[in-house]
*Asks:* 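Dumping the structure here so I can ask a few things about it.
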Amino acid sequence: MIIVDDVYKRYRSDHGMGKWVLQGVSFTIPPKLNVGLVGRNGAGKSTLLRLIGGIDTPTRGLVERRCRVSWPMGFGGGLAASLTGRQNAKFVCRIHGHEEDLQDRLRYIEDFAELGESFDEPIKTYSSGMKSRLQFGLSLAFDFDVYISDEVTAAGDAAFRDKAAAAFQALSDRAGLIMVSHGEGTLKEFCKAGIWLHEGRAYWFDSINDALTEYKKSLHR
Amino acid sequence: MALSDGPANVQNRNSERSPASIAWTVWKALFLREAVTRLSAGRAAWVWLLLEPVVHLIFIFVLFGFFLQRVVSGIDYSLFIATGILGFILARNTATRSKEAINANDTLFTYRQVFPIDTVLVRAALEAFLFLISALCLVTGLGLFGYEVFPHDFLQVLLAFAALWMAGIGLGLIFSVASQLIPESGKVSGMLFGPLYFLSGIMYPPSTIPPAYQSWFLLNPFVHGIETVRTGFFPQYHTIPGVSMGYLLAFAMVTIWLGLALHVRFATRLVAK
C-alpha cells in the first residue's frame with residue numbers, strides 16, 4: 001500500500017523557487033492494483049512518480065510506502081552510459097543484495113531483455129528501445145510489490161510490449177504497477193485504475209477508462 | 001526461468017536487510033563500478049594512472065634538478081621530490097575526485113539505497129587503492145635504479161600518508177556538498193590546489209623559507225603531512241620546527257566532521273532537483 005498525503009512539490013531553480021507542480025495531492029494505492037497516470041505534458045506525472053519512488057522528497061506533505069517499491073524506470077535513468085548492459089545489471093543486482101545469486105539474476109535479465117550480443121556493449125550504443133528492454137528486465141529481476149514505470153514501454157516495439165504485458169499479467173496476483181504513458185492502448189492493456197493529474201491536483205478513478213475520458217475532455221476545453 | 005513469480009520466491013526475498021548491510025553492499029558495488037569505469041576509460045587508462053606521479057617526478061626533476069643543488073638536507077633530490085609529490089597527489093586527488101563524485105553519479109540516485117555520501121566515500125577509498133598501487137610501482141622503479149627506497153620508520157610514513165588521505169576526504173566531503181549547492185564554489189576549490197602545489201614544499205625544503213615566514217607557511221596542513229613523510233623516510237632529514245602530525249590530524253578530523261555534517265544537513269537537497 002502506498003499513501004500519498006497532502007503532497008506539495010515545487011522545484012528550486014537558479015532564480016529562487018519555481019511554481020507549484022503539485023498542490024495538495026492525496027490518494028492511497030491499495031496493494032496489487034495497476035494504476036495509470038494521465039495528464040498533459042508538465043502536469044507533474046514524472047514528479048509524482050519520483051516522489052512515490054522515494055528518489056525525491058515532497059516540499060510539503062508525506063509519501064508513505066508500506067511495501068517494496070521499485071525505482072522509477074524510464075528515460076535511461078540509473079544506467080551508466082560508459083558501462084555495458086551486463087556491468088550495469090551487475091551493479092543493480094549487487095545494491096539489491098543479490099551477490100550470491102548474481103548469475104541467476106543476470107541470466108534472467110539477459111533472457112528478458114533479449115539484447116543478444118549488445119548486452120556486452122556500452123549503454124551509449126543502445127537505442128532507446130533497447131534501454132527500455134534492459135530497464136524493464138532489470139526491475140522484473142527483483143521481487144517488488146509495486147513497479148514504477150515512466151513511459152518505459154513507449155520506446156519498445158510491439159513484441160516487447162506484449163512480453164512486458166504478459167510478465168505483468170503473471171505478476172498481477174502479488175505485485176502492482178504504477179505507470180505513466182501517453183499511449184491509450186498501453187494504459188488500457190496494463191492498468192485498471194487511473195489517476196488524472198490536472199493543474200496540480202490529482203483525481204482518482206477506479207477505472208482507467210473514466211480517467212482517460214476526463215483527461216481527453218480537459219484537452220478540448 | 002522466471003525468478004520473480006511463484007510464492008516460494010515471495011517468502012525468501014530478503015526484505016529484512018539492516019541499514020548497515022545495505023550500505024555495505026552499496027559500497028562494494030559502487031567500488032567495483034568506479035574501478036571498472038576508471039580503468040576502462042579510454043585506451044590503457046591504467047597506464048596513465050601509474051604514470052602520473054612518474055611524469056610529475058621527471059618534469060620537476062628536469063626543471064629544477066639541473067639548476068638546484070642535487071642534494072637537499074643530506075638526502076637525494078629525486079627521492080626528496082618523490083616523497084613530496086606522492087604526499088601531495090594523494091591529498092589532492094582524493095579531494096578533487098571525491099568532490100566530483102555526486103555530479104558524476106547523478107543517475108545512480110534513481111536507486112533509493114544509494115546516497116550522495118556513498119559515492120564520495122567510495123571514490124576516496126578507490127583513490128587510496130589506486131595510490132597504493134602507483135606508489136608501489138614508483139618506489140619499486142626507483143629501487144631498481146639503485147635508490148635507497150626503504151623508509152627507516154615505515155609506520156610513521158604510513159601514518160602520514162593516511163592523515164593526508166583523511167585531509168583529502170574531509171575537503172572532498174565539504175567541496176562535494178558546496179559545489180552542488182553553490183556551483184561557483186566548485187571552481188574556487190578547483191583553483192585552490194594550484195597555489196597549494198607551490199606552497200606545500202614539494203620541490204624545495206621548507207628550511208629554505210625565512211624563519212620569520214615559517215609560521216605562515218605552516219598554516220598549510222599538507223606541509224605537515226609531507227614533512228612527516230620525509231622525516232619518516234630519511235633518518236638524516238632535518239625539517240623545520242613546528243611540523244606536527246597533530247595539526248594535520250586535527251585538520252582532517254575537523255573537515256571530515258564538517259563534511260559529514262553538511263551531508264547530513266543537505267541530504268535531501270543533494271538528491272532533489
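Note on naming: letters A, B, ... go to the chains in the order of the sequence lines (proteins, then strands), and numbering restarts at 1 for each one. These numbers come from a predicted model, not from an experiment.
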*Asks:* Of all heavy-atom pairs between B:Val271 and A:Arg50, which one has the smallest distance, and what is that distance?
*Replies:*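 Scanning both residues completely, I find the closest heavy atoms to be O-NH2, 4.3 Å.
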
*Asks:* At a 4.5 Å cut-off on heavy atoms, which part of A:Val92 comes close to chain B: side chain, backbone, both, or neither?
*Replies:*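 Interface part for A:Val92: side chain.
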
*Asks:* Any side-chain heavy atom of A:Phe91 within less than 4.5 Å of one from B:Leu30?
*Replies:* yes

*Asks:* Below 4.5 Å from any heavy atom of chain B, which atoms of A:Thr47 appear? Answer side chain, backbone, both or neither.
*Replies:* neither

*Asks:* NZ of A:Lys188: more than 12 outside heavy atoms within 6.0 angstrom?
*Replies:*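 Correct, the count exceeds 12.
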
*Asks:* I need the A:Ile148 CD1 to B:Thr110 OG1 distance, nearest 0.5 Å.
*Replies:*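 The OG1 atom of B:Thr110 is 11.5 Å from CD1 of A:Ile148, to the nearest 0.5 Å.
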
*Asks:* Is there side-chain contact between A:Ile55 and B:Tyr111, with heavy atoms separated by less than 4.5 Å?
*Replies:*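 The answer is no, as the side chains (C-beta and beyond) never meet within the 4.5 Å cut-off.
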
*Asks:* Give a yes or no on whether A:Trp20 atom CH2 has more than 12 heavy-atom contacts from other residues, nucleotides or ligands under 6.0 Å away.
*Replies:*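 Yes - once you tally the heavy atoms of other residues, nucleotides and ligands closer than 6.0 Å, there are more than 12.
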
*Asks:* What heavy-atom pair brings A:Gly97 and B:Arg17 nearest, and what distance separates the two atoms?
*Replies:*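 Heavy atoms only, the tightest pair is N-NH2, 3.4 Å.
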
*Asks:* Kindly check if the number of other-residue, nucleotide or ligand heavy atoms within 6.0 Å of CZ (B:Phe115) is above 12?
*Replies:* no

*Asks:* Would you please test A:Leu83 and B:Arg33 for side-chain contact (heavy atoms from CB on, under 4.5 Å) and show each step?
*Replies:* CA-CA 9 Å; A:Leu83 298 181; B:Arg33 179 194 181 102; 3.7 Å; yes

*Asks:* More than 12 foreign heavy atoms under 6.0 Å from NZ of A:Lys45: is that the case here?
*Replies:*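 More than 12 heavy atoms, drawn from other residues, nucleotides or ligands, come within 6.0 Å of this atom.
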
*Asks:* Would one find more than 12 heavy atoms of other residues, nucleotides or ligands at under 6.0 Å from atom NZ of A:Lys192?
*Replies:* no

*Asks:* What's the separation between atom OG1 in B:Thr25 and atom NE2 in A:His96, rounded to the nearest 0.5 Å?
*Replies:*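 Answer rounded to 0.5 Å: 9.5 Å.
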
*Asks:* Determine, step by step, whether B:Val26 and A:Ile95 satisfy the side-chain contact (heavy atoms from CB on, under 4.5 Å) criterion, reporting the C-alpha distance in whole Å, the side-chain angles of both residues, the deciding distance to 0.1 Å, and the verdict.
*Replies:* CA-CA 5 Å; B:Val26 166; A:Ile95 62 169; 4.0 Å; yes

*Asks:* When you look at A:Arg12 and B:Arg269, which way does the side-chain contact (heavy atoms from CB on, under 4.5 Å) test go after all the steps?
*Replies:* CA-CA 9 Å; A:Arg12 201 180 292 271; B:Arg269 278 278 295 276; 3.3 Å; yes

*Asks:* Are any side-chain N or O atoms of B:Arg112 and backbone N or O atoms of A:Gly53, one a donor and one an acceptor, separated by less than 3.5 Å?
*Replies:*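 Present.
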
